[in-house]
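One structure is given here, and the rest of the page talks about it.
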Number of protein chains: 2
Amino acid sequence: MRLMNDSAPTPGMLAAHLAAHGVRPTAQRLQVAALLLDRPQHVTAEQVLARLRQVGSRISKATVYNTLNLFAARGVLRQLVIDGDRAWFDSNVGPHYHFQDTETGELTDLPTSQVHFENLPPVPADMEYTGIDLVIRLRRRRG
Amino acid sequence: MRLMNDSAPTPGMLAAHLAAHGVRPTAQRLQVAALLLDRPQHVTAEQVLARLRQVGSRISKATVYNTLNLFAARGVLRQLVIDGDRAWFDSNVGPHYHFQDTETGELTDLPTSQVHFENLPPVPADMEYTGIDLVIRLRRRRG
DNA sequence: ATATGTGCAAATCCTTTGCATAGAA
DNA sequence: TTCTATGCAAAGGATTTGCACATAT
């Protein structure tokens, strides 16, 4: 399955993608998937609601939250903790890190290939990694 | 100024420390400073309120928030974004990263000396770093 | 005096929840 | 039918705010 590579995914491709993650492809879920899975992007629940309403959807705020949380739980999206204000969802679920412009809040992907960790301490024998979150915060230079 | 090294800081040391950061040492601020600056620790506003009340303080919730935010803005504390649920404040303001036990929420410091970044992409000419936040999430191995 | 800090309650913002209706298996 | 999803409004929880009173300069 290759999404986000060529042209916009077809409804059939999206439905198959959701099904592959154990998510029933309802009309609203397909709307959210179509919005987010055609390219890597970072969105908030409010943005998803606004953009779908803008293109004629009658999806509710509760369903947006339900859907984003379900997608994140099933690996269709990745939930990010960037600031304490609101949750961000990333349609790029592959391993990568983030730059954040601290003035605008804007997020940019940072490929893992551009970071190497060395000397990482060993994890205790009874523990295991569940994720590594790296956020490099930047701002426009004062001048 | 060396806090958090030997025995508990004296009120005079704490007042000087706050003053050095441009913070007027009021009674409530000294209570918060005394609680947090004697050792490196990670706390929430609710925890600060509860612990101070427990030792007889009549500090209010609003003042706890005001104080923690002021301390973070002036560099007396560092605010952490660990989960979307609540803000964490770290009395270790030196450069370091964090482990998080995803099941208990517990945070542990990870010295920067134990991590080396390589290949970090150059920052655009008109931008500058404001911080690097690294959270390595762990959980007890299923067994 | 004048500016700053504190405490209380109310307000705010994001997110979740309860429940009735609608839709799918 | 029986289970699951949706939508609305209300509830929930963390944080901020307005304002009167207290404290410091």
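Letters A, B, ... mirror the listed sequences (proteins, then strands); counts begin at 1. As the structure is a computational prediction, the values presented were derived from the model and not from experiment.
- A:K61 places its NZ atom 9 Å from the C1' atom of C:dC13, with the value rounded to the nearest Å.
- Remark: P of D:dG7 and CZ of A:R53 are 8 Å apart, rounded to the nearest angstrom.
- Mapping A:S60 and B:N69 onto DNA chain D by nearest heavy atom places A:S60 closer to the 5' end of the strand.
- Using a 4.0 Å cut-off, some side-chain N or O of B:Y65 falls inside it from OP1 or OP2 of D:dT15.
- One N or O on the side chain of B:T102 and one on the backbone of B:L138 form a donor-acceptor pair closer than 3.5 Å.
- Of the candidate nucleotides C:dT15, D:dT25, D:dT6, D:dT6 has the atom lying nearest to any side-chain atom of A:T67.
- Atom P of nucleotide D:dT23 and atom CG of B:L30 are separated by 16 Å, given to the nearest angstrom.
- At a threshold of 4.5 Å between non-hydrogen side-chain atoms, the residues B:L18 and B:R24 do not count as touching.
- For C:dT16, the OP1/OP2 oxygens have no side-chain nitrogen or oxygen of A:N66 closer than 4.0 Å.
- The minimum heavy-atom distance linking B:Q79 with B:N69 is given by the pair OE1-OD1, 4.4 Å.
- B:T63 has a side-chain polar atom (N or O) that falls below the 4.0 Å cut-off from OP1 or OP2 of C:dG7.
- Across all strands, A:A27 comes closer than 4.0 Å to no nucleic acid atom at all (heavy-atom distances).
- For B:A87 and B:R24, each mapped to the nucleotide of DNA chain D holding its nearest heavy atom, the one lying further toward the 5' end belongs to B:A87.
- The side chain of B:T26 contributes an N or O atom lying less than 4.0 Å from OP1 or OP2 of C:dT6.
- Residue B:L52 contributes atom CG, which lies 11 Å from atom P of C:dG7 at whole-angstrom precision.
- Between B:D85 atom CG and D:dT15 atom C1' there is a gap of 13 Å when expressed in whole angstrom units.
- The side chain of A:R29 places an N or O atom within less than 4.0 Å of a non-bridging phosphate oxygen (OP1 or OP2) of D:dA5.
- The distance from the CD atom of B:Q41 to the CZ atom of B:F89 is 13.0 Å, given to the nearest 0.5 Å.
- Taking 4.0 Å as the cut-off between side-chain N and carboxylate O, A:R139 and B:E128 count as a salt-bridged pair.
- Rounded to whole Å, atom P of D:dA5 lies 13 Å from atom CD1 of A:I59.
- Protein atom CG of A:D83 is 12 Å distant from nucleotide atom P of D:dT16, rounded to whole Å.
- Residue B:R86 has no polar side-chain atom (N or O) positioned under 4.0 Å from OP1 or OP2 of D:dT15.
- Across the protein-nucleic acid pair, B:F89 atom CZ and D:dA14 atom C1' stand 11 Å apart, rounded to whole Å.
- Under 4.0 angstrom from either OP1 or OP2 of C:dG23 there lies no side-chain N or O belonging to A:Q28.
- Nearest nucleotide to the side chain of B:A62, out of C:dG5, C:dT15, C:dG7: C:dG7.
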